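Take a look at the structure set out below.
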2 protein chains.
Amino acid sequence: MSQPKKMNIPLVAPIKCSQCPIRHRAVCARCDDDELILLESMKTYRSFAAGDVILWRGEPLEFVASVVSGVATLSKTMEDGRTQMVGLLLPSDFIGRPGREQIDFDVTATVDVTLCCFDRTRFEKLVNETPHIAQRLMELALDELDAARDWMLLLGRKTAREKIATFIEMLARRSSHGLDGSSDVIDLHMTRDQIANYLGLTLETVSRQFSAFKKDGVIGFTDRKHFTVEDMAALQEETGDDADGGVVY
Amino acid sequence: MSQPKKMNIPLVAPIKCSQCPIRHRAVCARCDDDELILLESMKTYRSFAAGDVILWRGEPLEFVASVVSGVATLSKTMEDGRTQMVGLLLPSDFIGRPGREQIDFDVTATVDVTLCCFDRTRFEKLVNETPHIAQRLMELALDELDAARDWMLLLGRKTAREKIATFIEMLARRSSHGLDGSSDVIDLHMTRDQIANYLGLTLETVSRQFSAFKKDGVIGFTDRKHFTVEDMAALQEETGDDADGGVVY
DNA sequence: AATTTGCCTTGATACAGATCAAAGAATCAT
DNA sequence: ATGATTCTTTGATCTGTATCAAGGCAAATT
C-alpha cells in the first residue's frame with residue numbers, strides 16, 4: 001500500500017495562484033492579475049519526501065521554484081564529509097537564481113516539500129520583462145542576506161550554549177502563532193545531527209546543550225522531537241543577542 | 001599640512017559616470033545613457049579615511065551607495081565586545097538596501113574609501129521605475145549571498161589553518177592582475193585583529209598560522225603587511241576546498 | 001513478541017584554539 | 001632622536017568542544 005520512498009512521481013496538480021498560501025510573500029507577490037495568468041500557465045508543482053535531495057550541487061539547473069509547503073535546507077559538504085548548512089528554506093522562499101545554470105550547494109527536503117516550479121530559461125526571460133518580479137526577487141535575496149549575516153555571527157563567535165539558545169528562540173518565534181503565548185509545544189523537525197550541521201557543532205554537543213537547558217528549567221521535552229519553552233526571558237538572555245535592536249540612547 | 005583624521009569633509013567632486021571605473025559592474029551597470037544622466041544628477045561622492053566608520057548599526061540610513069574605490073567591511077558586535085565581520089565591500093559593491101531605513105551592522109572603511117552616494121528615498125523611487133537597476137541589485141545581492149554561504153562553511157567547519165589558507169588564497173586570487181603569475185607581492189590591508197574578526201579566530205591564532213605557513217615555505221613575508229605566495233599548489237590543498245567546482249565524474 | 005535499525009544520551013579523554021602574559025618591531029608624536 | 005603607542009610574535013596554560021566509546025530508547029520490521 002505504501003509507496004516506495006524514492007519513487008519518482010514529483011509532479012502534482014498545482015492549485016490556483018489566487019488561492020495559493022504563499023501568494024502574497026513569494027516571488028509573485030507583486031504580480032498583477034495578467035502576470036499571474038502567465039505564471040499560472042508556466043508553473044508545475046513537484047513534491048519531495050522528507051530526506052529527498054531536491055537539487056545536487058553542480059547539477060544543471062532546469063528549474064527555479066518557490067517553496068509552497070515544507071522545509072528545505074541548503075548545505076555544503078567538504079571532501080572529508082564535514083558539512084555545513086548555509087540556508088533554511090521556508091514556504092515562500094525561492095530556490096535557484098536567474099542567470100546561473102547551477103548552484104553551489106545541495107538542496108534537501110527535511111520534511112515533505114512541495115515546490116512551485118518554473119522552467120529556468122523561461123523564468124529568466126520573464127524576470128527581464130517583468131519589473132515586479134525582479135524587484136521582489138531582489139527583496140527576497142536581500143532578506144536572505146540579512147539572515148545569512150546573522151548566521152555568520154552565530155557561527156563565528158557564539159558559544160555552543162548561545163548557538164542552541166539562538167536556535168531554540170528562532171523556532172519559538174517562528175512557531176508562535178502570531179501571539180507570543182509561550183508554552184506551545186514546538187516541533188523540532190530536524191535530527192540532532194542536522195541541528196549540529198546547522199549550528200556548526202557536533203551532534204553530541206547539541207544533545208548535551210539541550211540536556212543542560214532542560215536541567216536548568218529553560219525548556220522541557222515532551223519527547224525527543226518536541227519541547228516547550230519554560231522560561232523565555234532566560235532563553236533570550238542566553239542567546240547573546242541584544243534584547244533590543246541595538247539602539248543605544 | 002596633513003588633515004586631522006576625523007575632520008568632516010566627506011564630500012568630493014564626482015567624476016563623470018562615463019569615465020567611472022566601476023561603471024560596468026556597479027548597480028548602474030545596465031543603465032542606458034538617459035538613466036545615467038539622471039543618476040549623474042543625483043549622485044554625490046563622499047570619502048572616508050581608513051578606520052572611519054561609514055555607517056553605524058541602527059542609524060537612520062540617509063543614503064545608499066556604491067563603493068568607487070577602497071575597501072569597507074560590514075561587522076556585527078555582541079554586547080561583550082565579540083565581533084564578527086559579515087561582509088567585505090570592494091569597488092562596485094553596494095551599501096544599503098532600498099525599502100529599509102536602517103542596517104543591522106556597522107560599515108567601516110579599512111583603507112581610504114570613496115563612495116558614490118544617492119539619497120535613499122530618491123533611489124528607492126528610481127528602483128521602482130527602473131527595472132535595470134532592480135535586476136542589477138538582485139544580481140549583486142545574489143553574488144553576495146554566494147560569498148556569504150562560502151563564508152558560513154568556513155566559519156562553521158574549517159580549522160584555523162584552513163581558514164587562513166582560504167583567506168590567503170582569496171587575497172592572492174583577487175590581487176593577481178588577470179594573470180595567475182603567482183609571485184606578486186600581496187598587500188594584507190588589514191591588521192591581525194581585523195583578520196581574526198573576519199575569520200572567527202583570535203589575533204594570536206592568526207599570527208601563529210601565518211608563522212606556520214611561513215615556516216612551511218608556503219608563503220614568505222617581506223614585511224608584516226606584505227607577503228608572496230611561494231607554493232600555490234600547497235596553499236590550495238590547505239584550504240580544504242575542492243580543487244574543481246565539485247563536479248564528480 | 002523479538003529483532004533490527006536509527007537516533008539519542010552520557011561518560012571519558014584529547015586537542016585545537018582561546019586566554020593570559022611578556023617582550024619585540026614598527027609607527028607616530030614630540 | 002626619543003619616548004609613546006600600537007601592532008605583532010611567541011610562550012605557557014586553560015578550556016570548550018570534538019572525538020571516541022558504550023549503552024538506552026523508540027519506531028520499524030519480521
Side-chain angles (χ1 to χ4, degrees), chain A residues 1-5 49-51 78 80-84 110-111 154-165 167 187-216 219-227 238 240, chain B residues 1-6 49-51 78 80-84 110-111 154-165 167 187-215 219-227 238 240:
Chain A
M1 196 60 204
S2 71
Q3 290 167 1
K5 252 191 177 158
M78 296 173 68
D80 61 3
R82 282 175 283 174
T83 81
Q84 175 64 53
T110 49
V111 297
L154 177 142
L155 291 173
R157 292 300 182 199
K158 289 191 179 181
T159 64
R161 190 171 172 90
E162 288 170 336
K163 286 177 176 181
I164 295 290
F167 180 69
D187 190 339
L188 201 63
H189 303 286
M190 313 158 103
T191 66
R192 301 291 185 268
D193 189 49
Q194 288 175 315
I195 296 168
N197 286 337
Y198 195 33
L199 300 175
L201 296 170
T202 59
L203 68 95
E204 293 94 333
T205 299
V206 170
S207 180
R208 278 186 243 273
Q209 297 299 335
F210 274 135
S211 298
F213 278 122
K214 191 177 85 179
K215 188 162 74 65
D216 295 349
I219 58 172
F221 276 91
T222 60
D223 94 354
R224 292 203 283 195
K225 286 258 162 68
H226 298 270
F227 66 94
E238 297 276 6
Chain B
M1 197 60 203
S2 70
Q3 289 166 0
K5 250 192 180 162
K6 289 285 177 181
M78 295 173 68
D80 61 4
R82 283 175 282 174
T83 82
Q84 176 64 54
T110 49
V111 297
L154 175 142
L155 291 172
R157 293 299 181 199
K158 288 192 177 179
T159 64
R161 189 171 172 90
E162 287 170 337
K163 286 177 176 181
I164 295 289
F167 179 70
D187 190 339
L188 200 63
H189 303 287
M190 313 157 103
T191 66
R192 301 291 184 267
D193 190 48
Q194 289 174 314
I195 297 168
N197 286 337
Y198 195 33
L199 299 174
L201 297 170
T202 58
L203 68 95
E204 294 94 332
T205 299
V206 170
S207 179
R208 278 185 244 273
Q209 296 299 336
F210 274 135
S211 298
F213 278 121
K214 192 177 87 180
K215 187 162 74 65
I219 59 173
F221 277 91
T222 60
D223 88 0
R224 293 204 282 195
K225 285 261 162 67
H226 299 268
F227 66 95
E238 297 275 9

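In this text, all values refer to a predicted model and were calculated from it rather than measured experimentally. Heavy atoms only: backbone and side chains are in, while hydrogens, waters and symmetry mates are out. Chain letters run A, B, ... following the sequence lines, proteins first, then strands; residues in each count from 1.
The distance between atom NZ of A:Lys225 and atom C1' of D:dA27, rounded to the nearest whole Å, is 11 Å. Following rounding to the nearest Å, A:Lys163 (NZ) and D:dG16 (P) show an atom-to-atom distance of 14 Å. Remark: P of D:dA26 and CZ of A:Phe221 are 14 Å apart, rounded to the nearest angstrom. In this structure, CE of A:Met190 is placed 15 Å from C1' of C:dC7, rounded to the nearest angstrom. Taking atom CZ on B:Phe213 and atom P on D:dT9, their separation rounds to 14 Å, with Å as the unit. Atom NZ of B:Lys158 and atom P of D:dA18 are 18 Å apart (whole Å). Rounded to an integer number of Å, the gap from CD1 of B:Ile195 to C1' of D:dC7 is 12 Å. The distance between atom NZ of A:Lys215 and atom C1' of C:dT10, rounded to the nearest whole Å, is 13 Å.
You'll find that the side chain of B:Ala160 is closest to C:dG17, out of D:dG24, C:dT10, C:dG17. Of the listed nucleotides (D:dG24, D:dT19, C:dA25), C:dA25 has the atom at the smallest distance from the side chain of B:Arg224. When each of D:dT17, D:dT10, C:dA12 is scored by its nearest atom to the side-chain atoms of A:Thr159, the top-ranked nucleotide is D:dT17. Of the candidates D:dT8, C:dC8, C:dA18, C:dA18 carries the atom nearest the B:Thr205 side chain, counting heavy atoms from C-beta on.
You won't find any donor-acceptor pair under 3.5 Å spanning the side chain of A:Arg192 and the base of C:dG6, going by distance alone. A donor-acceptor contact under 3.5 Å links the side chain of B:Glu204 to the base of C:dC20. With hydrogens and angles ignored, a donor-acceptor pair under 3.5 angstrom links the side chain of A:Arg208 to the base of C:dG11.
Using a 4.0 Å heavy-atom criterion, one finds that B:Leu201 contacts the sugar-phosphate atoms exclusively.
B:Ser211 places a side-chain N or O within 3.5 Å of a backbone atom of B:Ser207 that can act as its donor or acceptor partner. For A:Glu162 (side chain) and A:Glu238 (main-chain N/O), no donor-acceptor pair under 3.5 Å exists by modelled atom type.
Put simply, A:Ser211 has a side-chain N or O that comes within less than 4.0 Å of OP1 or OP2 on C:dT10. B:Thr202 has a side-chain polar atom (N or O) that falls below the 4.0 Å cut-off from OP1 or OP2 of C:dA18. Note on A:Thr191: every side-chain N or O is 4.0 Å or more away from OP1 and OP2 of C:dG6.
With DNA chain D read from its 5' end, the first of the two nearest nucleotides for A:Gln209 and A:Asp223 is the one closest to A:Gln209. When each of A:Arg157 and A:Leu203 is assigned the nucleotide of DNA chain C with its nearest heavy atom, A:Leu203 is the one assigned upstream, toward the 5' end.
Expressed to the nearest 0.5 Å, how far CG of A:Leu199 lies from CE of A:Met190 amounts to 8.0 Å.
For the pair A:Gln209 and A:Phe167, the minimum side-chain heavy-atom distance is 4.5 Å or more.
Taking the six-membered ring where tryptophan is involved, the planes of B:Phe210 and B:Phe227 are tilted, since the angle between them lies from 30° to 60°.
Exactly one residue among B:Leu188, B:Asp193, B:Ile195 makes a side-chain contact (heavy atoms from CB on, under 4.5 Å) with B:Thr191. That residue is B:Asp193.
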